[in-house]
2 protein chains.
Amino acid sequence: MPSRATGRKTPFAEEQVRFEAFLRSRKLKYTGERKALVQAVFQTDHHFDADSLHMALRKKGGDISRATVYRTLDLLVQCGLVRKQSLGDQHAHYEAVRGDEHHDHLICLNCQKVIEFFRPDLEALQDAICEEHKFRALHHSLQIFGLCSDCADTTDESSLLQRVSQIHT
Amino acid sequence: MPSRATGRKTPFAEEQVRFEAFLRSRKLKYTGERKALVQAVFQTDHHFDADSLHMALRKKGGDISRATVYRTLDLLVQCGLVRKQSLGDQHAHYEAVRGDEHHDHLICLNCQKVIEFFRPDLEALQDAICEEHKFRALHHSLQIFGLCSDCADTTDESSLLQRVSQIHT
DNA sequence: GTGGATGCAAAGACTTTGCAGCATC
DNA sequence: GATGCTGCAAAGTCTTTGCATCCAC
């Protein structure tokens, strides 16, 4: 098991170095904007979208254009430091990748909270499914939509049923 | 009425009736456009997007506007006859719902083929995951991206790795 | 100094909406 | 005949791109 965030000394150093090396390997430049963006990404709450990242950067005093946010996120995705994902919205969501761990998501339809989980038996099940269909898996994504423990009791489930069917996933 | 290979006598009758009843229950009208749309949906290859449905309708001689296509798809989704989903693209995909069966998807990154599968043990696994997190599930979606049996041998996997990381799911 | 990066604004893809005329019940 | 429906075009959202300028190397 890899070391977890709690024991880290230098928060983003590892990610910064990795990104810089990635850029260098492609003869790209590690600009101030890119540096600020990596820091912001690994300071955020793990899940974010392009717009909230853009706003977070503005609050920190930076003045990075939306275009650069998208362009840099694209690089981070290619570099493997960020994953792009659809969480049922019209717009893309992103998540900072810590280590190599794969996980999937529980998504609360009431408070929008995203809970991560990892199940080894899910990975095994995926293998079985793929074998059955002679499919070579490269990536998978399991999303469970519903109500988190905080919302389960206080939310009228029937009022959500329509939203469930509309979910874009 | 054209007969189908599935063994059904009256291909879309059931769906048409269900949609009509749904509309009636909301005091909405079963117009010619809506009729044509339901038929087209259940004649298509099960998976489609708004644009291909629109084009299919044009080919059949209809002249239904894009706006109506979107509006009617929305009704069909609310009615439960159609599911809206994201398959890693920027645009929404739809799938005609046959019966109540739930299934998940294998998505070939080379030929874009979508293979459906159902695994009872996946449903059981979902229950276990939810219990662990005190989460009340209303819907789930498992997507496995990779190469189908037709493409596995002929496709250079490394050329896909970048695409995998970019997938919007 | 050079090639890549940035910001801006414009364009793009996909989807939704306001409105006037039209069709269904 | 009233109410809801349609097509059209305009607007909206999220994202990408062309271009002149700017900056890291």
Side-chain angles (χ1 to χ4, degrees), chain A residues 16 19-38 40 47-55 57-58 61-79 82-94 162-163 166-169, chain B residues 16 19-38 40 47-55 57-58 61-79 82 84-94 163 166-169:
Chain A
Q16 288 184 160
F19 191 39
E20 192 172 355
F22 168 82
L23 292 173
R24 213 181 286 281
S25 75
R26 296 197 179 191
K27 300 198 197 307
L28 303 179
K29 291 165 184 169
Y30 194 35
T31 63
E33 287 85 353
R34 289 178 179 168
K35 199 165 186 172
L37 233 137
V38 185
H47 289 95
F48 58 92
D49 56 35
D51 201 53
S52 62
L53 179 60
H54 183 227
M55 289 194 293
L57 282 162
R58 298 212 124 189
D63 197 13
I64 294 173
S65 74
R66 225 176 280 275
T68 297
V69 170
Y70 280 108
R71 282 187 282 229
T72 307
L73 279 173
D74 193 46
L75 288 170
L76 285 166
V77 168
Q78 288 178 43
C79 174
V82 164
R83 259 192 294 264
K84 189 177 182 180
Q85 49 199 192
S86 168
L87 256 38
D89 265 325
Q90 344 291 315
H91 63 277
H93 293 243
Y94 297 87
Q162 180 171 321
R163 208 194 301 179
Q166 299 259 38
I167 279 172
H168 176 240
T169 304
Chain B
Q16 288 183 160
F19 190 40
E20 193 171 357
F22 168 83
L23 292 172
R24 212 182 286 281
S25 75
R26 297 198 177 189
K27 301 197 196 309
L28 303 178
K29 292 165 184 172
Y30 195 34
T31 63
E33 287 85 353
R34 289 176 179 171
K35 199 165 187 170
L37 233 137
V38 185
H47 288 95
F48 58 93
D49 55 36
D51 200 54
S52 63
L53 179 59
H54 184 229
M55 288 195 292
L57 282 162
R58 300 212 121 188
D63 197 11
I64 293 173
S65 75
R66 224 176 282 274
T68 296
V69 170
Y70 280 108
R71 282 187 282 230
T72 308
L73 278 173
D74 192 45
L75 288 169
L76 285 166
V77 168
Q78 287 178 43
C79 174
V82 164
K84 189 177 183 180
Q85 49 200 192
S86 167
L87 256 40
D89 265 326
Q90 342 291 314
H91 61 278
H93 292 243
Y94 297 87
R163 209 195 300 179
Q166 299 260 37
I167 279 172
H168 178 240
T169 304

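Within every chain, numbering begins at 1; the chains are lettered A, B, ... in the order of the sequence lines, protein sequences first and strands thereafter.
Between B/Asp51 atom CG and C/dC14 atom C1' the separation is 9 Å, expressed in whole Å. Distance, B/His54 NE2 to C/dA13 P: 16 Å, rounded to whole Å. We find that CZ of B/Arg58 is positioned 10 Å from P of D/dG7, with the value rounded to whole Å. Atom P of nucleotide D/dC14 and atom CG of A/Asp74 are separated by 19 Å, given to the nearest angstrom. Regarding B/Tyr30, its OH atom lies at a distance of 13 Å from the P atom of C/dT24, rounded to whole Å. At whole-Å resolution of the value, CG in A/Leu73 and C1' in D/dT15 are 11 Å apart. For B/Tyr94 and C/dC14, the OH to C1' distance is 10 Å, given to the nearest whole Å. The nearest whole Å value for the distance from the CG atom in B/Leu53 to the P atom in C/dT15 is 12 Å.
Shown here are the ring pair (Phe, Tyr, Trp, His ring centres under 6.0 Å) partners of A/His54, two or more places apart in sequence or in another chain: there are none. Partners of A/Glu20 by salt bridge (charged side-chain N to carboxylate O under 4.0 Å, His left out), not counting sequence neighbours, listed by chain and number: A/Arg24. Listed by chain and number, the residues in a side-chain contact (heavy atoms from CB on, under 4.5 Å) with A/Thr68 are A/Glu33, A/Ile64, A/Ser65, A/Arg71, A/Thr72 (sequence neighbours excluded). By the salt bridge (charged side-chain N to carboxylate O under 4.0 Å, His left out) test, B/Arg58 is found to be paired with B/Asp63, residues two or more places apart in sequence or in another chain being considered. In terms of the side chain to side chain donor-acceptor pair (under 3.5 Å) criterion, residue partners of B/Asp51 (sequence neighbours excluded) are, by chain and number, B/Arg66.
The bend of the helix from C/dG1-D/dC25 to C/dC25-D/dG1, defined by the angle between the axes of its first five and last five pairs, stands at 30° to the nearest 10°.
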Can you list the steps and then say if A/Asp49 with A/Leu87 is a side chain to side chain contact (heavy atoms under 4.5 Å, CB included)? CA-CA 10 Å; A/Asp49 56 35; A/Leu87 256 38; over 6 Å; no
As a quick check of understanding, evaluate side chain to side chain contact (heavy atoms under 4.5 Å, CB included) for B/Leu73 and B/Tyr94, giving each step before the final call. CA-CA 9 Å; B/Leu73 278 173; B/Tyr94 297 87; 3.7 Å; yes
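A sub-4.0 Å separation between OP1 or OP2 of D/dT16 and a side-chain N or O of A/Tyr70 is absent.
Ring planes of B/Tyr30 and B/Phe19: perpendicular class, angle over 60° (limits at 30 and 60°).
When each of B/Ala67 and B/Arg24 is assigned the nucleotide of DNA chain C bearing its nearest heavy atom, the one mapping closer to the 5' terminus is B/Ala67.
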With the criterion being N/O to N/O and under 3.5 Å, what pairs connect the protein with nucleotides 2-6 of chain D, and how long is each?
residue, atom, partner, partner atom, Å
D/dT3, O2, B/Lys29, NZ, 2.4
D/dG4, O4', B/Lys29, NZ, 3.4
D/dC5, OP1, B/Lys29, N, 3.2
D/dC5, OP1, B/Arg34, NH1, 2.6
D/dC5, OP1, B/Arg34, NH2, 3.2
D/dT6, OP1, B/Thr31, OG1, 2.9

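Across all their heavy atoms, A/Ala50 and A/Val69 have their closest contact at O-CG1, 3.9 Å.
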